[in-house]
Each structure stands twice: as C-alpha cells, then as structure tokens.
Amino acid sequence: MGYVLMTDLFAHLRMRVLDALHRILPDLPDDIAARVEVSPARDPAHGDMATNAAMVAAKAARRKPADLAAALAEALRDGPEIAEAAAAGPGFVNLRLRAHALHAVLPAILQAGTAYGDGTRGGNLAVNVEYVSANPTGPLHIGHCRGAVVGDALANLLAKTGYAVTKEYYINDAGAQVTALAWAAYWRYLQAIGTALSEEEFAAEVPGGLQYRGEYLIPVGAELAAAHGPALATAGGGIAAPERWIDIVRDHTIAAMMRAVREDLAALGVAQDVFTSERALVETGAADALIERLRGDGLIYEGVLEPPKGKTPDDWEPRPQTLFRATQFGDDVDRPLRKSDGSNTYFTNDIAYHADKIDRGFALLIDVLGADHGGYVSRLKAAVAAVSHGGAALEAVLCQIVHVMRAGQPVRMSKRAGSYVTLRDLIDEVGRDAVRFTMLTRKADAQMEFDLDAVVAQTRDNPVFYVQYAHARCRSVLRAGAEMFSPAATADAALAEVPLDSLTAEPELAVIRRLASWPRTVEAAALAREPHRIAFFLYDLAADFHMLWNRGKDDAALRFLQAGRSGETLARLALVAATAVVIRSGLAVMGVAPVEEMR
RNA sequence: GCGCCCUUAGCUCAGUUGGAUAGAGCAACAGCCUUCUAAGCUGUGGGUCGGUGGUUCGAGUCCACCAGGGCGCGCCA
C-alpha cells in the first residue's frame with residue numbers, strides 16, 4: 001500500500017517544521033530549535049497539530065511572533081503531509097494533516113505491534129531502578145505495594161524509551177532489625193519444640209523486647225525445629241547464650257522471609273533482575289573498603305555535629321563521630337557513618353551499595369522510595385556524587401502514603417492489632433491487575449486513597465474497568481470481523497495492508513490522533529519519570545473508543561461491521577485492531593494483562 | 001526553628017515540563033438500548049488554579065514572600 005510508515009507522526013512533523021523554519025531563519029541557534037514542539041491541537045477546530053516554533057524563535061529572529069508564524073505557515077503549506085497551515089493566536093501555527101498522513105498511523109501500529117511507541121531517547125544508557133527494598137522482617141504490606149508497582153512500571157517505561165534498564169531490590173538484611181527478627185523466630189522455634197515459657201516471660205529476656213509477634217513466623221519456627229530438633233535450645237544454647245544460635249536462626253529466617261517476599265512480588269507480577277544483600281556488602285568488606293576510599297579522598301573526618309536547631313532531642317549530647325562531608329556535595333549537614341557501638345549506619349552501607357551499582361556500570365540510579373525517606377535523598381545524592389566523582393546521577397521517586405478505604409471508611413493498618421493489610425490480602429481481594437492499574441492512577445508523590453470497593457466497580461469512574469472494557473470491545477469486534485471475513489484476513493498484518501480512505505468521520509480521526517500521540521506520551525512520561533501518565537493516556541484512549549463505538553447506537557451505518565461493504569469494514573477493523581494494540585502496549589508498561597472479554 | 005513535597009469545580013484528580021477560551025470522572029439535571037456487550041454514550045450547569053508581588057510576547061506551570069496540610073531533622077531502616 002501507499003502509506004509511508006513512520007514511528008512517530010509528531011516527531012516527523014516536527015522535522016518538517018524545523019526544515020521550514022531553517023529555510024526562513026538559516027542561522028537559527030540549536031538551543032532555540034530544541035525548544036520547538038509539535039503538539040496535539042487543543043481544539044480539533046484548530047486542526048490536528050500545533051507548533052510553537054514561531055514564538056520560541058521570534059526573539060532570536062528579531063521578528064514579531066505573529067509575522068514569523070505567518071511566514072512559517074506559508075512555508076509549510078502544501079507539504080507532503082500538510083493540507084493546511086495557518087498562523088493563529090499569539091503565534092501558533094496550526095496544522096491540518098492530509099488524510100493519508102493520519103491514516104498511515106494505523107499500518108505503522110499494526111506492523112510494529114506493541115513495539116509501536118518504543119523510543120531511542122534513552123540512548124541505551126544503563127539505568128538501575130531500585131524499588132521495594134523492604135526489610136525482610138515480614139510479609140509485604142500495602143505500603144510496599146505502591147513502590148513496587150511504580151518502580152516496576154517506571155522500569156518498563158524507561159526500557160520502552162530505549163534505556164538499558166536493570167530492576168533491582170536491595171535486601172536490608174543487616175542491622176538491628178534482623179537481629180530482632182531472629183529473636184522473634186527463636187520464640188516460634190521454642191514454641192515448636194514445646195517451651196514452658198510464656199510469651200511475656202520470653203519477651204522480658206529479649207534485648208530490646210520482642211518486636212515481631214506476627215503469626216507468619218510460626219512456620220519458620222517449625223522449620224527450625226524440624227531441622228535442628230531441640231539442639232538450638234540446649235547444648236549450651238538457649239536464651240542466655242544467643243551467640244550459639246543467632247546466626248543460624250537469622251540466616252534461616254531471612255531466607256524464609258525473602259522467599260515470601262519474592263512470592264508476594266510474583267503474585268503482583270514483579271520480578272527484579274538483581275537482589276543485592278546489605279549483609280554481603282558488610283561481610284565481604286565492601287562497605288569498609290568504601291569508607292577507606294572516601295577517607296582517601298579526604299571526605300571523612302572525626303567531628304561533632306551541632307544539634308538540630310529548634311528541636312533538640314532530649315538525650316542530645318555532643319559526641320565525636322565519623323562523618324562524611326556531605327555538605328561538600330550540597331547536603332545540609334555532614335552525616336555520621338558509624339554508630340556508637342562501632343557498626344556502620346544504614347547510610348554507610350547504602351553508600352557502599354550505591355557505589356557497587358556505579359561500579360557495575362550504571363550511569364543513572366533511580367531509587368523508588370517511600371515519602372518518609374524524603375529527608376534521606378540529599379545525603380544519598382551527595383554520596384553518589386562523591387563516589388562517582390560526578391559521573392553518575394541519582395534520582396529519587398518518592399511515593400506518598402496509600403490510605404486503604406472500605407465503604408468510605410479507612411482500614412486500619414496496625415501490625416499489633418492484626419488488621420494489617422498485606423499485599424497478598426489486597427491482591428486476593430481485588431486482583432493483581434486492578435491493584436497495579438489503580439496504583440498508577442495518581443502521581444506518585446500525591447497521597448492516594450485506595451478504595452477496595454471502587455477498584456472492583458464496573459463503571460466509568462473506575463479506570464481499570466473502563467480501559468479493560470474498551471479493549472474487550474475491540475476484541476469482540478475483531479472476533480465478529482474474523483467470522484465475517486476470515487481470521488487471516490483480519491489479522492493485524494493483513495489489516496496493515498487495507499486501504500483506509502473511508503475513515504473520515506471525526507470520532508474515527510479522534511482515535512487516530514490519540515494513537516498518533518502514543519509515542520510522545522511514552523517519551524514524556526519516561527523523561528518525567530511519571531508512569532501514571534500511561535494510565536491517563538489509556539483512559540483517554542478508551543473514552544475516544546467508547547464514543548466511537550456508541551456512534552453505531554445512533555446510526556447503524558456507523559457500526560464497524562457493515563455487511564456488503566467489505567472495504568469500509570476492513571478499514572474500520574484496522575482502526576479497531578490498532579486501538580487494541582496500543583491499549584495492550586500501555587497495559588504492558590503498567591504490567592496489567594488485557595482482557596479479551598468481560599464476564 | 002530548618003529542609004523537602006503538596007494546595008486546581010461541591011468531592012476525587014489530570015493538566016503534554018512556559019502556550020490559545022484551565023480539563024475528566026463522581027454528585028445534580030435532561031436525553032439515547034429490536035443493536036458489534038447500555039458495565040456504555042450525548043448534552044446542561046459548576047473555577048479570582050490557597051494569597052500577594054515578580055520574571056516575559058504569554059504563568060495553574062518558573063522566582064520571592066505569606067497562609068494551610070503532609071513528611072523528615074546524630075548513633076532507625
């Protein structure tokens with residue numbers, strides 16, 4: 001067929017605009033040209049697209065925006081894709097495209113499949129996206145869920161934009177918390193072998209108290225009992241001699257918790273490529289080596305910090321500490337690297353971890369964190385700058401808290417009360433796809449209400465349903481089309497070859513324009529690190545499609561399938577098939593499975 | 001006290017990185033099923049974009065200050 005396929009219609013027209021602009025202004029500086037955009041027309045009455053080129057170039061050209069716009073419109077008129085170009089408003093040039101240029105979007109989509117929208121903007125840059133990274137001290141809960149979904153979708157999005165992405169999980173398996181976990185597991189072990197102690201009697205013996213009382217450790221205790229019998233409680237062991245059993249119990253428990261974490265993540269459809277252990281960084285000496293490396297660079301000193309102004313902790317006392325010169329890299333204060341017992345702070349090991357990522361060749365590190373870690377970001381950026389000598393960048397994506405609601409009432413999330421919403425509970429209740437989609441219906445740094453009733457509602461105000469319904473309708477039409485013709489004649493590859501001249505109705509063109517803007521949406525979302533934009537795009541596309549569908553309710557001649565008019569029908573099927581492809585493509589970024597039919 | 005994030009229609013939220021008359025859904029009202037799925041669609045009303053200044057051709061978007069909300073602030077992770 002005679003369609004010139006292009007992977008991004010907007011990028012293509014931007015080239016046309018720049019060509020025309022350079023003919024008018026041969027000396028246009030590159031930095032001005034870089035600001036030229038071709039974007040969808042806000043109002044269809046303006047045409048298909050608009051460019052700001054005249055306005056951004058006006059100053060450098062010493063010409064009035066409106067005059068330059070008129071000249072640019074003249075230069076663009078009657079181009080191969082452009083039917084009409086007109087100056088408008090303060091200096092926009094509105095473009096109306098020839099029908100074949102818009103139509104060409106469909107075969108491009110049908111040939112590329114879900115690769116349509118893939119970009120090269122990332123330039124194959126090695127990016128590490130770290131997310132979830134929960135302590136292995138219990139099952140994942142809903143607080144981890146948002147980070148898991150946002151991180152996973154962001155990684156998919158960056159990969160689609162041409163970055164070489166590694167998905168990573170940092171296991172916080174060092175420090176006091178996993179020791180407390182080991183004590184808690186030891187209690188379950190004592191129960192499994194039949195202890196005479198009560199829980200409170202045991203808790204009184206635990207340094208720092210018995211912290212993790214959830215039932216999820218009961219199986220771990222049973223496993224330890226099966227593997228070791230009473231040996232961990234006798235033979236010189238027991239509560240008074242934790243050094244005899246603590247390593248065994250801790251290792252076993254962490255392994256069990258991480259197994260559970262991976263299962264929970266798998267249930268959510270998340271599977272990181274790399275899991276890095278904090279303990280391993282400590283035990284292999286990587287963390288100590290890192291400190292020496294920074295000391296060699298003169299970035300570590302022994303000093304005393306000022307107490308925070310206005311809010312001095314009760315137990316504050318000046319104390320010499322091992323400090324990292326974070327202030328040299330833009331942080332507010334230098335940061336301690338050693339606790340008073342001589343062990344590393346969390347930050348120290350985290351520097352070593354980020355140094356490890358840099359050493360593995362990543363130029364861009366993205367950490368998806370809870371918003372309560374917001375105050376931690378500046379020191380981490382300082383550390384990355386110091387360790388990489390400015391060669392690597394760290395970005396943080398902060399996820400705000402999720403309030404779980406049921407029937408308009410908040411669901412409490414307290415570990416102690418036992419009404420703790422685990423990730424698994426959430427998935428079991430509303431389904432993995434609804435969880436993932438819904439988590440992406442808000443900007444990550446905005447608080448979100450997750451209404452358990454709303455996300456399973458089958459109405460327009462539930463985007464999960466609304467988008468899935470649009471896809472199901474596409475598939476329904478295509479199944480009916482395959483009956484009318486044949487599966488081969490209605491396959492995407494065959495539909496990519498059909499003439500499309502009959503697609504002239506405004507609602508049809510609206511869908512095509514939306515499909516044409518998919519690549520730029522992907523790129524913009526990736527550059528902004530905002531995967532939620534994909535969800536909003538799909539919602540808009542679904543709305544365009546439902547509108548088109550309903551036209552057939554008013555006028556039977558406007559339905560997709562027209563007996564006896566195979567040319568028109570095939571053209572419409574191409575539009576439907578392309579819509580389905582882009583919905584699938586967007587859902588794939590979000591990690592959501594498309595449905596073939598609604599039940 | 002300091003730092004970061006947030007404030008857009010009655011409610012929940014978008015706003016294409018500074019573009020034209022600020023948009024959706026819900027709620028309210030009025031319409032559309034002999035049908036490729038009405039689980040949908042169409043229309044109407046609803047706004048000093050928290051406030052005040054500033055930057056420029058142009059500000060919801062950038063800057064300064066103020067008000068309100070959230071998070072954080074040495075040896076937790």
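Below, chains carry the letters A, B, ... as their sequence lines are ordered, and counting in each starts from 1.
Between A:Asn52 atom CG and B:G58 atom P the separation is 16 Å, expressed in whole Å. The interatomic distance linking A:Arg533 (CZ) with B:U17 (P) rounds to 8 Å, in whole Å. Here B:C5 presents its P atom at 12 Å from CD of A:Gln400, a figure rounded to the nearest Å. In this structure, A:Phe347 atom CZ and B:G74 atom P are separated by 14 Å, rounded to whole Å. Rounded to an integer number of Å, the gap from A:Glu597 CD to B:G40 P is 18 Å. When the P atom of B:C13 is taken as reference, atom CZ of A:Phe536 falls 10 Å away, rounded to whole Å.
With a cut-off of 3.5 Å on both Watson-Crick or G-U wobble distances, the partner of B:A67 is given as B:U7.
In this model, the phosphate group of B:G3 is not approached by any side-chain N or O of A:Tyr376 to a distance below 4.0 Å at OP1 or OP2. Between A:Arg460 and the phosphate of B:G25, there is a side-chain N or O to OP1/OP2 separation shorter than 4.0 Å. At the phosphate of B:A77, OP1 or OP2 sits under 4.0 Å from a side-chain N or O atom of A:Lys339. Checking the phosphate oxygens (OP1, OP2) of B:U16, no side-chain nitrogen or oxygen of A:Arg520 falls inside 4.0 Å. Remark: A:Lys443 is not in phosphate contact with B:C5, judged by side-chain N or O atoms under 4.0 Å from OP1 or OP2. Phosphate contact (OP1/OP2 of B:A38, side-chain N/O of A:Trp549, threshold under 4.0 Å): present. The shortest distance between the side-chain N/O atoms of A:Lys59 and the OP1/OP2 oxygens of B:U56 is not below 4.0 Å. For A:Arg442, no side-chain nitrogen or oxygen approaches OP1 or OP2 of B:G25 to under 4.0 Å.
Residue A:Pro336 is classed as a sugar-phosphate contact, given heavy-atom separations below 4.0 Å to backbone atoms only. In this structure, A:Met598 reaches the bases: a heavy-atom distance under 4.0 Å links it to at least one base atom across the strands shown. When heavy atoms are screened at a 4.0 angstrom cut-off, A:Thr459 is found touching the sugar-phosphate backbone but no base atom. Within 4.0 Å (heavy atoms only), A:Ala556 reaches no atom of the nucleic acid at all. Using a 4.0 Å heavy-atom cutoff across all strands shown, A:Gly552 reaches at least one base atom of the nucleic acid. Nucleic acid contact class of A:Phe560 (heavy atoms, under 4.0 Å, all strands): base. If you check every strand for non-hydrogen atoms under 4.0 Å, A:Gln562 touches nothing. In this structure, A:Phe537 reaches neither bases nor backbone, as no heavy-atom distance under 4.0 Å exists between it and the strands shown. The residue A:His532 sits close only to the backbone: its heavy atoms come under 4.0 Å of sugar-phosphate atoms, none of a base. Residue contacts for A:Glu306: at a heavy-atom cut-off of 4.0 Å it reaches no nucleic acid atom on any strand shown. A:Gln177 comes within 4.0 angstrom of sugar-phosphate atoms only, judged by non-hydrogen atoms across all strands, and of no base. At a threshold of 4.0 angstrom between heavy atoms, the contacts of A:Ala543 with the nucleic acid are absent. Within 4.0 Å of A:Leu323, counting heavy atoms only, lies no atom of the nucleic acid at all. A:Ala66 comes within 4.0 angstrom of nothing in the nucleic acid, heavy atoms only.
Residues A:Asp367 and A:His354 bring a donor and an acceptor atom of their side chains to less than 3.5 Å of each other. Residues A:Asn135 and A:Gln177 have side chains that bring a donor and an acceptor to within less than 3.5 angstrom of each other. A donor and an acceptor atom, one from each side chain of A:Thr179 and A:Arg250, are located under 3.5 Å apart. Donor-acceptor pairing under 3.5 Å is lacking for the side chains of A:Thr569 and A:Ser566. Looking only at atom types and distance, the side chain of A:Glu37 has no donor-acceptor partner in the side chain of A:Thr51 under 3.5 Å away.
Geometrically, A:Arg473 does not engage A:Phe545 in a cation-pi contact, judged by NZ or CZ lying under 6.0 Å from the ring centre and within 45° of the ring axis. Relative to the ring axis of A:Phe10, A:Arg520 places its NZ or CZ within 45° and under 6.0 Å from the centre.
Both thresholds, 5.5 Å between centres and 30° between ring planes, are not jointly met by A:His373 relative to the base of B:G72, so the two rings are not stacked.
Using P as the reference atom, B:G15 and B:G60 are 16 Å apart when rounded to the nearest Å. A gap of 45 Å separates the C1' atoms of B:C32 and B:G70, to the nearest Å. Taking atom P on both nucleotides, B:G40 is separated from B:G25 by 12 Å, rounded to a whole Å.
Classification of B:C13 as anti follows from a glycosidic angle more than 90° from 0.
You'll find a donor-acceptor pair under 3.5 Å spanning the side chain of A:Asn94 and the base of B:A20, going by distance alone.
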* A:Tyr466/A:Asp461 under side chain to side chain donor-acceptor pair (under 3.5 Å): CA gap, chis, key distance, verdict -> CA-CA 8 Å; A:Tyr466 192 67; A:Asp461 56 317; over 6 Å; no
